[in-house]
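The residues of the chain are indexed from 1 along the displayed sequence. Because the structure is predicted, anything quoted here is derived from the model rather than measured.
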Amino acid sequence: MNAQTPIPKAEAVTPVMAQFLEAKAAHPDALLFFRMGDFYELFFEDAEKAAAALALTLTKRGKHLGEDIPMAGVPVHAAEGYIARLIRQGYRVAVCEQVEDPAEAKKRGSKAVVRREVVRVVTPGTVTEEALLDARGANRLAAVAIRRGRAAVVAVEVSTGEVESLALDPAGLASALSALRPSEVLAADRLFADETAAHALKASGGVVQPMAAALSEPSAAEARARRLYGVETLDAFGAFEPAEISALGLIAAYLETTQAGRLPPLKPPRRAVEAAYMAIDPSTRAALEIDRAQAGGREGSLLACIDRTVSGPGARRLAERLARPLMDRAAIEARLDAVGWLAEHRALRRDLRTLLKGAPDMARALARLALGRGGPRDLEALGRGLEAAEQALALFASRPDPLSGPPALLESHLAALAPTADTARLKADLAAGLIEGPPHLARDGGFIRPGFRPELDEARRLRDHGRQAIVELEGRVQVASGVPLKARHNAVLGYFLETSAKQAEPLLKPPLNAQFIHRQTLANQVRFTTTELVELDAAIAQAGQRALAMELETFEALRAAAGASAAPLQAAAEALAELDCSAALAEWAEEARAVRPQVEDSTVFLVEGGRHPVVEAAVTREGQAFTPNDCRLDGSGDQAARLAIVTGPNMAGKSTFLRQNALLAVMAQAGSFVPARSLRLGLVDRLFSRVGAGDDLSRGRSTFMLEMIETAAILVQATDRSLVVLDEIGRGTATYDGLAIAWATAEGLYQTNRCRTLFATHYHELAELEARLDRVCNLSMKASEWNGDLVFLHEAVPGAADRSYGVQVAKLAGVPPAVVARAWEVLDRLESEGVGKARLEDLPLFAVPPVALAAEPSPLERELARIEPDELTPRQALDELYRLKGLLL
């Protein structure tokens, strides 16, 4: 808290402010949304921060120690939008609700304060509300722990209930976290002293939350994890390593704190091993723009280019596949089988995609319901999701070629869509009980279909047609008494029967006085009631409340039924997402003329006619054609090079060539078809890319230093099954230093790491490696000169480039002609005399080309020099402008 608006102590404050201070003390690092009627109010420094972040009006409420208390507020009905903006800015929000009806509070005394409690803490990794989530992006909460030299990452998607645990070497933390891209990361505070762990946490991209180290102690962590799942032992989930238990304990502790005791329907932890996925470090992921472009957005990435999914869950599943390509050949082939089968069955795929386009996000709806944040629309989403599951089953059952059944992976998805007795009952109840297009909030009422509960229909009839019931009663009492009674209503008496004083006389005498109860006598009227009218009056008054209470009771019953069927509902939701993902990949494969890759256990990398999917899409939109290229590498075979030295001018396509081959490997192991005539791929365990320049000034690292750090990581971690693409290693230092580093790096990758490598460089001396080493080849990006201009052909051909064409590229870039001419002069001198013999004194730094010195001023320049603008009238200036323009014609 700042010095201007400190949080006061609880003594000597009002009861309401004492409540605020108690809640704030429990959540000092969160902005406290304190419910007061129809508003959430913020006080003290919270108010100042929220006002600045949300552009709210900062007001004052009361005083403390003689100083005004800052206050800001937001309406309850609009709170989600404000909370979303705060979360995106990195804040945490504690929501303190009124948990007691004001009428109940008054029973304790006229000055009693309504009870309030923090019902949840909203953090980046725990949001579940539809307005706060990206429908097409995952929102993960991750925890990191290190025990006994082993690291673990546990990630939970609170909005869907998915949990994954990964045990790995600490050096792989950065790759694992960058693949998960969590919104929030938990770590014991002691981990920040570990440089490797601290770097991985920073590179994760999520908000990092330090946790007390005691929460990650194995015994306490295991107890919390058991409590999280409501089990006596975790043995059924697998044999967890100590680090995994610690990370899972951090997740459990955080959920207990932020969810105020209400936990999402979590699936059992899915255990993975480090070797299950292709390792891609953060810099490689950024350089290849797999799921995010280097500019920061999704547009321009591989994911955006190939994404043809029609649902949010399907989009999230596709992003997960690309983020973590598989190392299991059988699993890859299963995915490819599914994509291939759907590509062949075009009509079925079209109908399936049309069906899935309208399918709701069942998993997130179920999570909101379990956490008490869901509403009637979430129940409706479950019903529509179950209906979509049945329709998808029927679609596959009605295919015209029943003998050519779908492959095993699709069959497993279809099996998950099959209804159980519980889900069938739930679907029927939801269809019968909910109206179409129900309100967002249960407290609004009006979402139960008429006829579902007769007693609710009666309450609604009284609420909506109470006047008609009164009119009917009025007619009956007039007939029974013979007196012209009229039904009236006021706020004091409620409903009553009224007549004139004279006509009221029979009602005041036996036997009618036993039926008609005298209520009030005025100057000209007498008012009565009856037992039936009293009951009807009470029923009408309470009908609205009773109707809403019955609707809420019905909602809770349906919500409980959904919770009881959480497992099959989650399985169906996952199956629909997988179907959407596979169908989308098949759709894109047809559009892009992609082919099925041949995945092997060898170290071959053989591409024929490969294309960069993102660049091809961009040039196609401009009406141009993309030039395909072949690439042949093999870590151990005799038919291909292990190291390819790629040379050629800038802008000729070297970086595109390198990136496209790396992306082909990612796509193939993700289970996607690839843009090529053919691809044979030996499984890649680690993918490394050093492409492009950058720096890390916050850590005192220059571009060259960062390049060397990344190069060192490649040389240490790459194996004979890895694929490495390097672009311009050594360019950030002196020429001879850079050449030496590039040469030694190339030799190290070839002789020690023995990995498949594409090495782009402007150091043409590296071309000599082809003659020195038996499995090194030279490739060059073809370019030709035409009438003094450079034409890029974007074709990779055998052999080394004969020159760099740097001056021509400078000309194409728009460098002034005088500078280009001077560059040619210097280049000719250096090439004719050699770098070591060039007489630098003959090349003064600021020498000007003779052609520039001899140039005479043009007629236009002479005329401009003659004009004195200050001596011209506006009319004369306009005339001069037209005259000067004429000189250009």
Can you find a heavy atom in the side chain of [X] that is under 4.5 Å from one in the side chain of [Y]?
X: Ile470; Y: Ile540; value: yes
X: Leu533; Y: Val477; value: no
X: Asn513; Y: His518; value: no
X: Met36; Y: Arg116; value: yes
X: Asp537; Y: Phe496; value: no
X: Leu141; Y: Leu255; value: yes
X: Val122; Y: Leu132; value: yes
X: Glu184; Y: Tyr254; value: yes

Euclidean distance, [Y] [atom2] relative to [X] [atom1], rounded to 0.5 Å:
X: Leu493; Y: Arg519; atom1: CG; atom2: CZ; value: 5.0 Å
X: Thr423; Y: Leu382; atom1: OG1; atom2: CG; value: 11.0 Å
X: Ile448; Y: Thr554; atom1: CD1; atom2: OG1; value: 5.0 Å
X: Leu369; Y: Arg377; atom1: CG; atom2: CZ; value: 13.5 Å
X: Phe43; Y: Leu31; atom1: CZ; atom2: CG; value: 13.5 Å
X: Leu473; Y: Leu497; atom1: CG; atom2: CG; value: 6.5 Å

Run the side-chain contact (heavy atoms from CB on, under 4.5 Å) check on Thr529 and Tyr495 step by step: do they pass? CA-CA 8 Å; Thr529 189; Tyr495 281 102; over 6 Å; no
Which heavy atom of [X] sits nearest to which heavy atom of [Y], and what is that distance?
X: Phe555; Y: Pro376; result: CE1-N, 3.7 Å
X: Leu426; Y: Ala562; result: CD2-CA, 3.9 Å
X: Phe447; Y: Pro438; result: CB-CB, 3.9 Å
X: Ile435; Y: Gly446; result: CD1-O, 3.1 Å
X: Ala392; Y: Leu355; result: N-CD2, 3.4 Å
X: Tyr91; Y: Pro124; result: O-CD, 4.4 Å

Could you please spell out the steps behind the salt bridge (charged side-chain N to carboxylate O under 4.0 Å, His left out) verdict for Arg61 and Glu41? CA-CA 10 Å; Arg61 178 190 177 99; Glu41 304 289 2; 5.9 Å; no
For the side chain of [X] and the backbone of [Y], is there at least one donor-acceptor N/O pair under 3.5 Å apart?
X: Lys357; Y: Thr309; answer: no
X: Thr499; Y: Leu485; answer: no
X: Arg449; Y: Leu434; answer: yes
X: Asp378; Y: Gly375; answer: yes
X: Arg364; Y: Thr128; answer: no
X: Arg476; Y: Gln478; answer: no
X: Arg368; Y: Ser159; answer: no
X: Tyr229; Y: Lys267; answer: yes
X: Glu157; Y: Asn139; answer: yes
X: Arg546; Y: Ala539; answer: no

If you count the non-hydrogen atoms of other residues, nucleotides and ligands that lie under 6.0 Å from [atom1] in [X], is the total more than 12?
X: Glu22; atom1: CD; answer: no
X: Asp38; atom1: CG; answer: no
X: Glu130; atom1: CD; answer: no
X: Arg443; atom1: CZ; answer: no
X: Glu455; atom1: CD; answer: yes
X: Glu117; atom1: CD; answer: no

Is [X] salt-bridged to [Y], going by a charged N under 4.0 Å from an acidic O?
X: Arg453; Y: Glu553; value: yes
X: Arg461; Y: Glu458; value: yes
X: Glu498; Y: Arg527; value: yes

Using salt bridge (charged side-chain N to carboxylate O under 4.0 Å, His left out), reason through Arg559 and Glu556 one step at a time and then give a plain yes or no. CA-CA 5 Å; Arg559 189 174 76 88; Glu556 287 300 323; 3.0 Å; yes
When you look at Glu551 and Arg460, which way does the salt bridge (charged side-chain N to carboxylate O under 4.0 Å, His left out) test go after all the steps? CA-CA 11 Å; Glu551 287 205 70; Arg460 285 174 170 172; 3.2 Å; yes
Verdict with reasoning, Phe34 to Gln19, per side-chain contact (heavy atoms from CB on, under 4.5 Å): CA-CA 9 Å; Phe34 191 74; Gln19 276 189 337; 3.9 Å; yes
Start with the C-alpha distance between Thr126 and Val121, add both sets of side-chain angles, then the distance that settles side-chain contact (heavy atoms from CB on, under 4.5 Å), and finish with yes or no. CA-CA 8 Å; Thr126 61; Val121 180; over 6 Å; no
Run the numbers on Phe516 and Thr530 for side-chain contact (heavy atoms from CB on, under 4.5 Å), then give the verdict. CA-CA 5 Å; Phe516 292 91; Thr530 68; 3.8 Å; yes
Residues [X] and [Y]: side-chain donor-acceptor under 3.5 angstrom:
X: Arg425; Y: Ser565; value: no
X: Arg92; Y: Thr123; value: no
X: Asp580; Y: Ser311; value: yes
X: Gln570; Y: Glu574; value: no

Return the orientation label for the Phe33 and Tyr40 ring planes: parallel under 30°, perpendicular over 60°, tilted otherwise. tilted
Taking only distance into account, with no hydrogens and no angle test, what donor-acceptor pairs under 3.5 Å do side-chain atoms of residues 76-89 form with protein atoms, sequence neighbours excluded?
from  : atom 1 : to    : atom 2 : distance (Å)
Arg85 : NH2    : Leu54 : O      : 3.3
Gln89 : NE2    : Ala53 : O      : 3.2
Gln89 : NE2    : Arg85 : O      : 3.4

